[in-house]
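First the structure, in the form of structure tokens, and then the observations on it.
All values reported here derive from a predicted model rather than from experimental measurement.
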Amino acid sequence: MGRWFALVRFAFIFIILGLIAGLPGCSSSGPTTTTFPVPANLVLAPAGQVSLDVGSFSQTFTATARNSKNTPVTTPISFQSSNTAVLTVANNGAACAGTWDSLTTPQICTPGPVGIALVTAISHGVSSPPTTVYVHQHIDKIVVSPIPNQTPPLNPCFSKGQIFNYQATALSRGLDITDSVGPFTWQLTNAEVATVVVASDSAPIAGLRSGQAQVTAHNPGIASLFASVSNVTSQPLDFTTCAVQSITLSIAGSSNSVSVVSGSGRTIDATVLDTAGNTITGVTLSFCSSEPSTVSVGTANCASNISGTLAFTTSQAGGGTITASCTPPGCNIGFQPPLPIYATGAVDVVVAPAGTTTTPSIAVFVSSTGVTAAGNCATTTGCVSTLTTISSPNNTLGTPLPLPATPNSMVFDREGAKAYLGTDFGFLGTRGLMVVAVANPPTVSEFNSVIGKVLAVSPDGKKVILSGADLNALPVPGSNAPPPATQVTVFDTTSSTSTTLNIPGATAADFSPDDLKAYIIAGSTLYVFSSVETLKPIALSAPATAVSFLANGAFAYLGGGAAAGVTVRTTCTDGLASTVTTPAAPPFLKTLPNATQVLAVDSPGIDVISVNTAPVGCFPTVTNSVQSFNLGQGSFVPTQLIVSPDGARAYVIANNKGSVLVFNVANQTSSAIPLTGNAVPVQASLTPDGTLLYVGADDGQVHILDTQAGGDIQQIPFPGDTTNPQGGFCNGVTFTCNPDLIAIKP
């Protein structure tokens with residue numbers, strides 16, 4: 001009996017112990033605890049200063065804990081305000097510019113007083129650097145103004161390096177609450193125009209309070225200065241670093257006309273004055289060459305630098321002009337309208353041969369068009385077009401290269417890398433602009449969406465201007481619809497894309513030397529095309545026929561545009577600068593490399609316009625005088641004006657003369673070089689050194705004229721025998737393929 005009682009008692013005790021073990025916290029394994037790491041540092045965001053309206057609850061603080069290796073770690077973080085009457089921060093970091101109804105589930109923020117509170121993040125006794133919170137009345141407006149008692153500049157701008165200080169004032173219902181809003185954030189829209197430094201407690205500036213700004217003029221231009229705080233931004237205040245006023249070029253030991261031997265070079269110095277009359281340095285200038293294949297300023301036609309000097313090199317006999325400009329948007333930044341400033345004169349470089357007797361090698365490109373027995377070039381059916389090279393010094397014909405369309409124009413870029421051949425025949429979008437890459441043999445690519453005559457190629461070779469039919473307005477084949485409207489297309493050679501401009505009837509165009517603008521002539525309207533402005537039409541008082549920019553870029557000369565004969569436009573403003581009276585409106589004119597003369601063809605003679613300019617920023621002045629010279633060949637119908645790279649001679653091609661008319665600019669004398677067989681010239685091109693003139697004529701030959709001795713020294717049949725043409729050239733045509741277009745690689 002006793003034994004049985006002992007067993008019952010043991011079982012009861014076992015059950016009781018089991019029930020106790022099952023109770024929470026009474027497990028035999030003991031309580032479970034989580035250990036969080038102690039951070040090495042805490043990073044609070046936002047840091048620095050925060051500005052809030054009274055009663056605002058739009059700001060939330062966050063914090064990141066990091067260990068000694070600067071790696072983020074997870075650990076509990078709380079937030080603390082040093083002035084809970086002004087600002088309270090809930091457990092989740094939400095801030096109230098006043099008092100929260102609950103720190104765990106904040107919903108209602110009751111506004112408190114104006115004041116300052118420091119917010120810190122805390123974990124395991126480690127605190128973050130504090131963020132200063134400024135609580136203030138609502139800001140209605142911020143006004144930026146110069147700090148009083150400063151000496152203002154004598155001009156409405158600051159020369160490069162000048163310093164001026166500014167303050168910002170915060171207003172609430174007309175009351176100044178600046179002292180309660182904390183430091184302002186300052187910003188300039190064009191950071192290249194000026195630099196801004198803000199005074200602070202950690203980085204004080206002598207004479208300035210914390211939050212005030214010191215602005216230093218840097219590059220010529222205009223920028224807008226802003227101050228902001230508490231999500232309110234001031235109206236902009238314009239800060240102007242004095243614009244470039246003038247650029248003067250010089251070469252040590254010589255004038256602005258220099259002669260060098262091929263293979264050598266010199267250094268050009270640029271002196272830059274701003275509108276305050278101060279000499280400034282470190283300005284971004286564009287140096288450009290009119291003949292980069294002869295006189296090079298770098299890897300491209302134009303080179304930009306801020307050194308104020310430029311070293312040029314030469315590679316072959318001939319000549320070229322180097323000019324400098326302050327071209328937006330890289331210089332005179334932000335002005336509207338743009339303020340391009342051009343050098344008062346250009347550097348005229350004459351390059352003599354290096355003493356070798358070897359005749360320089362040149363490549364002449366000639367296009368020719370023939371018609372099959374049943375063909376008609378008016379509709380392009382059966383029209384055969386080819387491109388053939390003539391290689392010097394033996395002047396041998398290369399293998400004809402078939403062209404996909406009949407060309408109406410052929411223009412090389414200044415680098416001599418590509419030739420652009422326009423066409424009038426789009427074949428309903430299957431034909432277009434042809435681009436010939438100079439190689440051996442040359443290659444042709446085609447852009448079907450672009451048709452028209454090539455009017456101009458930009459100095460840097462990146463843009464081509466064409467005038468031609470509107471492909472969207474082409475009539476149905478065989479219909480009696482009128483000819484389609486014309487338009488201008490600007491072809492971008494870098495992206496192979498095009499931009500269409502609504503310019504009907506354009507006949508001539510020219511780019512400024514710095515590539516900033518192109519002037520496009522269409523009857524009695526001048527159109528100004530620029531990458532920094534919208535297309536601008538300018539009404540002329542009379543039709544114009546030709547346009548050519550002065551070598552330094554400051555002015556453009558128009559053949560026509562007024563009853564007087566020649567009109568002159570200021571490149572910076574596009575405004576009318578002057579008119580020049582000539583016997584008639586010249587169909588062709590060309591400015592000379594020295595930037596002091598302009599030639600205008602005016603049958604039966606040629607006009608020499610002497611140019612004198614004075615630099616006055618965007619409003620330079622120009623005076624012109626004109627002399628007319630009879631070329632002594634009777635009345636003629638000019639089709640082309642060619643000026644030698646050194647500007648020494650001009651050649652006039654006329655479609656009613658069996659010779660090329662020559663005018664010696666320096667001696668003001670004229671002569672003529674007759675073509676053998678009394679052939680009539682069609683088109684011509686001059687070698688870079690100016691010694692040979694290749695002339696395509698109506699006798700189916702290319703005539704080579706010696707411009708120094710004055711004779712037709714060689715004739716190249718093109719081809720001479722149509723029954724057995726070279727390499728299938730003009731195979732099956734019914735008449736000799738005459739050379740139509742001719743261009744020499746620069």
Say whether, by atom type as modelled, one donor and one acceptor occur between the side chain of [X] and the main chain of [Y] under 3.5 angstrom.
X: K745; Y: V438; result: no
X: T545; Y: G560; result: no
X: E446; Y: G432; result: yes
X: N332; Y: L339; result: yes
X: T189; Y: S224; result: yes
X: D602; Y: D607; result: no
X: N219; Y: E192; result: yes
X: D413; Y: A417; result: yes
X: D424; Y: G468; result: no
X: S512; Y: L516; result: yes

Task: Option passing side chain to side chain contact (heavy atoms under 4.5 Å, CB included) with V272 (candidates N278, L285, T248) - done: L285
Once you round to the nearest 0.5 Å, how far does [atom1] of [X] lie from [atom2] of [Y]?
X: S409; Y: M434; atom1: OG; atom2: CE; value: 8.0 Å
X: I521; Y: Y519; atom1: CD1; atom2: OH; value: 9.5 Å
X: T267; Y: F312; atom1: OG1; atom2: CZ; value: 8.0 Å
X: L466; Y: T500; atom1: CG; atom2: OG1; value: 10.5 Å
X: C288; Y: F511; atom1: SG; atom2: CZ; value: 13.0 Å
X: S610; Y: Q597; atom1: OG; atom2: CD; value: 5.5 Å

Do [X] and [Y] make a side-chain contact, defined as non-hydrogen atoms from C-beta onward lying under 4.5 Å apart?
X: T323; Y: V347; value: no
X: V490; Y: L501; value: yes
X: T623; Y: S578; value: no
X: L576; Y: T567; value: yes
X: I251; Y: D269; value: no
X: P513; Y: P459; value: no
X: P338; Y: E533; value: yes
X: C326; Y: I247; value: yes

Could you check whether atom [atom1] of [X] has more than 12 heavy atoms from other residues, nucleotides or ligands sitting under 6.0 Å from it?
X: Q150; atom1: CD; answer: yes
X: N502; atom1: CG; answer: no
X: K160; atom1: NZ; answer: yes
X: Q162; atom1: CD; answer: yes
X: N231; atom1: CG; answer: no

- [ ] Begin with the C-alpha distance, continue with both residues' side-chain angles, and end with the deciding distance and a verdict on side chain to side chain contact (heavy atoms under 4.5 Å, CB included) for D274 and V244.
- [x] CA-CA 4 Å; D274 66 11; V244 171; 6.0 Å; no
Task: ring pair (Phe, Tyr, Trp, His ring centres under 6.0 Å) partners for Y166, two or more places apart - done: F164
- [ ] Mind checking ring pair (Phe, Tyr, Trp, His ring centres under 6.0 Å) for F412 and listing every partner two or more places apart, or none if nothing turns up?
- [x] F365
- [ ] Could you please spell out the steps behind the side chain to side chain contact (heavy atoms under 4.5 Å, CB included) verdict for S145 and Q167?
- [x] CA-CA 6 Å; S145 61; Q167 63 184 4; 3.5 Å; yes
Minimum heavy-atom distance [X]-[Y], with the two atoms named:
X: T284; Y: C331; result: O-CB, 3.3 Å
X: C242; Y: A276; result: SG-CB, 4.0 Å
X: Q214; Y: N165; result: CG-OD1, 3.1 Å
X: F447; Y: S445; result: CE1-OG, 4.1 Å
X: T423; Y: T406; result: OG1-O, 2.7 Å
X: L540; Y: G561; result: CB-O, 3.8 Å

- [ ] Start with the C-alpha distance between K590 and V598, add both sets of side-chain angles, then the distance that settles side chain to side chain contact (heavy atoms under 4.5 Å, CB included), and finish with yes or no.
- [x] CA-CA 6 Å; K590 181 69 176 176; V598 180; over 6 Å; no
TODO: Take T579 and V568 through the side chain to side chain contact (heavy atoms under 4.5 Å, CB included) test and state the conclusion after the steps.
DONE: CA-CA 6 Å; T579 58; V568 188; over 6 Å; no
Task: Polar side chain donor-acceptor pair, S548 to T591, under 3.5 angstrom - done: yes
Task: Lys/Arg-Asp/Glu bridge criterion (N-O < 4.0 Å) met for K536, D574 - done: yes
Task: Passing option when Y342 is tested against T571, D514, T327 for side chain to side chain donor-acceptor pair (under 3.5 Å) - done: D514
